[in-house]
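Just below is one structure, and these are the notes that go with it.
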Amino acid sequence: MTSVAGGGLDANAASGGGTPGRTVTLTDLLRVPLHRIRVLAGTAVFGLLAAIGYVLLVPGAVTADAVVAVRPVVTDAFTPSGASADRAVNMNVERGIATGTEVVRRLVDATGRDQRDVQDALELEVPTGGQILRFRFTANSPQDAVAGVNLAAAAYLDVRRTMYEQQRADILRSYDESISEVQDQQAALQSRIASAQEGEADAAVAELSGVNNQLVQLRSARTEIAAVDVNPGWVTREAETNLVPSGGNRLLHLFAGLLGGVLLGVVLAYGWESVDRRIRSVDDGRDATGLPLLGTARGPKPRGSRHAMDADMRYVAMAIAGRTREPARIVLLTTRGDQTAMSAGLAVALAATGREVYLADDTGRLGRLRSEVLAGVACLPATAPSARPVVPQQRQGPRPASVDEVTEQIVVRRPSPRPTSLPRQATAAGNPTAANRPAPNDPDGTISLPRIASTTPSSGKSAVGEPTDTVVAGAGTIRFGTWRQRAASGVVLFNAPPAEADERGVAAARQGAAVVVVEQDRTRQGDLRRLAERLRAAGVTPLGFVLTHRGRG
């Protein structure tokens, strides 16, 4: 009944060596994010909204800088330093003082912020080989940042000056105590000289001279200490409000949020695709099924061309016609989708070349099939031949038997109904047609019996054989009905239910040929592989698959 071209589910394996690996192009990499555009757009909008919320709700951080030159404290600032150690400053110590508790406490008292926040906001940089401290303070506004960094620099200088002054005061107090003791010795010697005799006076005078020299040295050293400049340094660059930007770059924040959302969307798209693989191209369909491609069919679009869709159906019909011969039974299978439009378009394309097509459906979609067929017939080219009117005229006389009543002849082998001892002449005399029957003594003789498949309703008229159920498409006709009422001649197209929920399509494919309809971006690879395995297990050799463009998954 059906001639199927070679090459089935294991055609690739039978060719030997397997198919070479396909090169992955940039288009293949971009196909997944583009078809998961909803996920990508959702995450991009989420990232943009997050950036907008951050810009509006979180105040911008402003950083101000101030530079302090550290000055070494020496006894004589005008004496050349040379290699003297008192001209060097231990910057590690100065850095510890600048970020110490005293400086932070003054900033806390001035700004009213938490101590931990002040410590995080205050930064200090020390250039290598230099005696410079660079203060940085971060705040929510330029005014607060400038005030904070200038206060930090001034607090450091004030703390350092206080420390130097305290050291100087301690040294001066020590000198004062020493001078007081020497003055007491001087007064005692003077009293002894005044009461001493001539021999003892000379010794007391010599001792008094040494005490006077010591007192002069102490007073000279005290004077030098008292004259020391304890200024620890100067602020060489103060922070100013007009030199600090008013806020962060908000456009940059928005762009960063949008870019982050897009990158997250790409990751989510690939992650979703890894757990929900869809058929994206012809190569995916061929890899999942191992079947040859019969053609691609464009689906209905708001701005799509109906003529282009009909041309796709004609090419698919040519591919199917090249692999079958009449009478043919073709089952259109899909995993979960609805291939009604595909079935109707294929029926019109096959009938337009002069075939009698019977379009079957068992799931209540005959009304939609008829509408799709009529729409396709209306779009047939004007040059398509039409051998009969749209509604055939009823014949006069007795109505011939409907296709529902007698569909095909079946050869049945059974023993002869007549006993073997009955003479052939008697049988011929009793029944004139008995001469055409096989000899009664042949137990393997065959007779032709009609298969009766009467589905005539109580009114006596068939629901399929009526002229009103016939649509003329070009040079052929299209009739509608169920799979059980199918005709025995011509082309039978079965609009099978989804294979994931109904097994009737696979069962019907065992009596004819199967065409797998794959919806691009919607058919899951797992479902398609499962359908191919079911067809292989049922002994069905499909003609191939058709890829339909339906939309994004």
Minimal non-hydrogen separation, P542 against L291, with atom names:
CB-CD1, 3.9 Å

Establish, from distance only, whether the side-chain atoms of T477 and R479 form a donor-acceptor pair under 3.5 Å.
no

Partners of T335 by side-chain hydrogen bond (donor to acceptor under 3.5 Å, both in side chains), sequence neighbours excluded?
none

Would you find more than 12 non-hydrogen atoms of other residues, nucleotides or ligands less than 6.0 Å from F255 atom CZ?
no

Between R534 and E503, does any side-chain N to carboxylate O distance fall below 4.0 Å?
no

Is any side-chain heavy atom of D144 closer than 4.5 Å to one of F137?
no

Spacing of CG belonging to N495 relative to CG belonging to L493, to within rounding of 0.5 Å
9.0 Å

Less than 4.5 Å apart, side chain to side chain, heavy atoms only: is that true for W483 and Q511?
yes

Those residues that, when tested against Y315, pass ring-ring contact (aromatic ring centres under 6.0 Å, His included) (two or more places apart):
none

Would you mind telling me which of R36, R280, R278 makes a side chain to side chain donor-acceptor pair (under 3.5 Å) with D521?
R280

Hey, does V316 have a side-chain heavy atom less than 4.5 Å from the side chain of M342?
yes

Please give me the minimum heavy-atom distance between A473 and V377, naming the atom from each residue.
CB-CG2, 3.7 Å

Do L333 and L535 make a side-chain contact, defined as non-hydrogen atoms from C-beta onward lying under 4.5 Å apart?
yes

Of all heavy-atom pairs linking G505 and A496, the shortest is CA-CB, 3.6 Å

Could you walk me through whether E519 and R336 satisfy the salt bridge (charged side-chain N to carboxylate O under 4.0 Å, His left out) test, starting with their C-alpha distance in whole Å, then the side-chain angles of each, then the deciding distance to 0.1 Å, before giving a yes or no?
CA-CA 9 Å; E519 291 182 298; R336 298 177 185 268; over 6 Å; no

State whether R365 and D338 are salt-bridged, where the test is any N-O pair (Lys NZ or Arg NE/NH1/NH2 against Asp/Glu carboxylate O) under 4.0 Å.
yes

Gap between atom CD1 of I478 and atom CG of L350 - 0.5 Å precision:
8.5 Å

Any side-chain heavy atom of V546 within less than 4.5 Å of one from L346?
no

Answer yes or no: is there a donor N or O on one side and an acceptor on the other, between the side chain of D284 and the main chain of D287, under 3.5 Å?
no

Donor-acceptor pair, side chain of E273 and main chain of P33, under 3.5 angstrom:
no

With side chains defined as the heavy atoms from C-beta onward, is the minimum distance between F545 and L294 less than 4.5 Å?
no

If only atom types and distance count, is the side chain of Q339 paired as donor or acceptor with the main-chain N or O of L332 below 3.5 Å?
yes

Would you say the side chain of V516 lies within less than 4.5 Å of the side chain of L528, judging by non-hydrogen atoms?
yes

To check you understand the geometry: which heavy-atom pair defines the closest contact between R286 and L293, and what is its length?
NH2-CB, 4.1 Å

Quick one: CG on L40 to CG on L34, what's the gap to the nearest 0.5 Å?
8.0 Å

Give a yes or no on whether the backbone of V506 and the side-chain of R510 come within a donor-acceptor separation of less than 3.5 Å.
no

Side chains of R486 and F494: closer than 4.5 Å at any heavy-atom pair?
no

Who passes side-chain hydrogen bond (donor to acceptor under 3.5 Å, both in side chains) against R136, sequence neighbours left out?
D65, E125

Closest heavy-atom pair, L369 versus S343, reported as atoms and distance to 0.1 Å, is CD2-CB, 4.2 Å

Flag the pair R116 and D114 as a salt bridge only when some basic side-chain nitrogen lies within less than 4.0 angstrom of an acidic carboxylate oxygen.
no

So, using side-chain hydrogen bond (donor to acceptor under 3.5 Å, both in side chains) as the criterion, who are the partners of T138 when residues are at least two apart?
T63

CG-OG1 distance between D502 and T363, expressed to the nearest 0.5 angstrom:
8.0 Å

Using side-chain contact (heavy atoms from CB on, under 4.5 Å) as the criterion, list what pairs up with R529, not counting sequence neighbours.
A288, Q525

Shortest non-hydrogen pair, A509 vs A514, comes out as CB-CB, 3.8 Å

Counting only N and O atoms by type, is there a donor-acceptor contact under 3.5 Å from the side chain of Y54 to the main-chain atoms of L49?
no

Please report the interatomic distance CD1(I320) to CE(M313), rounded to the nearest 0.5 Å.
10.0 Å

Kindly compute the distance separating CG (D117) from CG (L122), expressed to the nearest 0.5 Å.
12.5 Å

Using side-chain contact (heavy atoms from CB on, under 4.5 Å) as the criterion, list what pairs up with L263, not counting sequence neighbours.
L259

